[in-house]
S.K.: 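If you scroll down you'll find the structure; I have some questions about it.
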Number of protein chains: 2
Amino acid sequence: MTSKQEFIEKLRNSSLRPTKQRINICEVLFNRDKTFHFTISDLFNLIKDKTGEKVSLATVYNTVHAFHKKGYLKEIPINSNQTYFDTNVTDHHHFFDVKEEKLIDLKNEDVGPIEIQRSIPGKKIKSVEVLVKLED
Amino acid sequence: MTSKQEFIEKLRNSSLRPTKQRINICEVLFNRDKTFHFTISDLFNLIKDKTGEKVSLATVYNTVHAFHKKGYLKEIPINSNQTYFDTNVTDHHHFFDVKEEKLIDLKNEDVGPIEIQRSIPGKKIKSVEVLVKLED
DNA sequence: ATCTTCTTTAGAATAATTATAAACAACGAA
DNA sequence: TTCGTTGTTTATAATTATTCTAAAGAAGAT
Ligand SMILES: [Mn+2]
Ligand SMILES: [Mn+2]
Ligand SMILES: [Zn+2]
Ligand SMILES: [Zn+2]
């Protein structure tokens, strides 16, 4: 449980002004036990539901991108018509339940270390992500 | 090198009528040595260039989805504004050069076997894909 | 308080994809 | 081969996620 005050500080420290909208978004995104996987429209709806206050869709986009740029959110590569984001910004892998369209975190020990035995001259590895698709 | 006749048979066997457009698309997609990674707009432009004949954009979409449904093309999960397809429909992994926006096949031995140590009740694994993002 | 800069917002613009429906082409049976 | 049926192509419109715009509002500094 993070207090509103702490969100305000974190925002200030990131040179993001602590607006009412951003604080509400922080509460929805980061006041949870487990990692949270969402689309913009998931988040947009949740804000209304959980805080009672409406934030414009443009602001949700702006804020998510601001947080993404600051490294507080991660983008998850799956083929969907909507982009998925993740509050777990560490390097980790996923199950994707194709039917439910739901992401589930895998612990690194659920997958084991992955050694890439090939390299491309002039390029270095930025990330290694495993996506395990699930069906019934 | 696959002959036009062979494409016609393959299409018929898949209960897809062998139209001029589909045969042209087959030539562009499948008459190559290496695996081919593409977006719809890549393909749309290549058809004009390589066959001299224009195929409507709607037909390119229709055909790619028909081939995808038949299992002749694979969709690659990366976050991009456009969907990527792959003529290599086997289970395999990728480099993604973020700057060039280009996919490169990894051989399975470049990655090694991946054992998923966790399961979700009622669900089974459909695919396991590794995406290695590259930067400069 | 005042000024500056950043943020929010509604609405418009963009761009990938999908839907529509009319013209057309492949097929199979006569 | 002709004819009727069914599948396909196409231009174009519709849809949808996302980004842009520009004006109004809020936060921070002086
Ligand atoms: Mn996650
Ligand atoms: Mn590939
Ligand atoms: Zn982003
Ligand atoms: Zn498809």
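Keep in mind that the numbers below use all heavy atoms, side chains included, and drop hydrogens, waters and symmetry copies. To find a chain, count down the sequence lines: A is the first, B the second, and so on, and within it residues start at 1.
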S.K.: Let's see if you can work this out: which of C:dA26, C:dT8, D:dT12 has an atom nearest to the side-chain heavy atoms of B:Arg17?
M.R.: C:dA26
S.K.: Measure the distance from CZ on A:Arg12 to C1' on D:dA26 and round it to the nearest whole Å.
M.R.: 13 Å
S.K.: Report the nucleotide, chosen from C:dA25, C:dT9, C:dT17, that has the shortest atom-to-atom distance to any side-chain atom of B:Leu57.
M.R.: C:dT17
S.K.: In whole Å, what is the span from the CG atom of B:Asn81 to the C1' atom of C:dA15?
M.R.: 8 Å
S.K.: Please tell me if A:Ser56 has a side-chain N or O lying less than 4.0 Å from either OP1 or OP2 of C:dT8.
M.R.: no
S.K.: Rounded to whole angstroms, how far apart are CG on B:Asn62 and P on C:dA25?
M.R.: 17 Å
S.K.: Any chain of hydrophobic side-chain contacts (each under 4.5 Å) joining B:Leu103 to A:Ile116?
M.R.: no
S.K.: Could you tell me if B:Lys69 sits above the aromatic ring of B:Phe67, with its cationic atom closer than 6.0 Å to the ring centre and no more than 45 degrees from the axis?
M.R.: no
S.K.: D:dA26 phosphate, OP1 or OP2: any side-chain N/O from A:Gln21 under 4.0 angstrom?
M.R.: no
S.K.: Less than 6.0 angstrom from the centroid, inside 45 degrees of the normal: does B:Lys48 satisfy that with respect to the ring of B:Phe44?
M.R.: yes
S.K.: Hydrophobic clusters here meaning ILVMFWY residues chained together by side-chain heavy-atom distances under 4.5 Å, can you tell me if B:Val132 and A:Phe96 are in one?
M.R.: no
S.K.: Cation-pi between A:Lys10 and A:Tyr72: NZ/CZ under 6.0 Å from ring centre and within 45° of the ring axis?
M.R.: yes
S.K.: What is the distance, to the nearest angstrom, from the CG atom on A:Asn24 to the P atom on C:dT7?
M.R.: 16 Å
S.K.: Closest approach to the side chain of A:Thr59, judged atom by atom: which nucleotide of C:dT9, C:dA19, D:dT9 is it?
M.R.: C:dT9
S.K.: Which is true for B:Thr83 with a 4.0 Å heavy-atom rule: it touches a base, it touches only sugar-phosphate, or it touches nothing?
M.R.: sugar-phosphate
S.K.: Nearest whole Å is fine: how far is C:dT18 P from A:Asn79 CG?
M.R.: 11 Å
S.K.: Between D:dT18, D:dA27, C:dT17, spot the one nearest the side chain of A:Gln82, thanks.
M.R.: D:dT18
S.K.: Would one find a side-chain N or O of B:His65 under 4.0 angstrom from OP1 or OP2 of C:dT18?
M.R.: yes
S.K.: Can you tell me if A:Tyr61 touches the phosphate of D:dT19, counting only side-chain N or O atoms and a distance under 4.0 Å to OP1 or OP2?
M.R.: no
S.K.: Want to settle it: does B:Arg22 or A:Thr19 sit nearer the 5' end of DNA chain D, counting the closest nucleotide to each?
M.R.: B:Arg22
S.K.: Rounded to the Å, how far apart are A:Phe7 CZ and D:dA27 P?
M.R.: 18 Å
S.K.: In whole angstroms, how far is the P atom of D:dT10 from the NZ atom of B:Lys20?
M.R.: 7 Å
S.K.: If each of A:Val55 and B:Ser41 is mapped to the nucleotide of DNA chain C with the nearest heavy atom, which maps nearer the 5' terminus, i.e. the 5' end?
M.R.: A:Val55
S.K.: Using whole Å, report how far NE2 of B:His68 lies from P of C:dT17.
M.R.: 13 Å
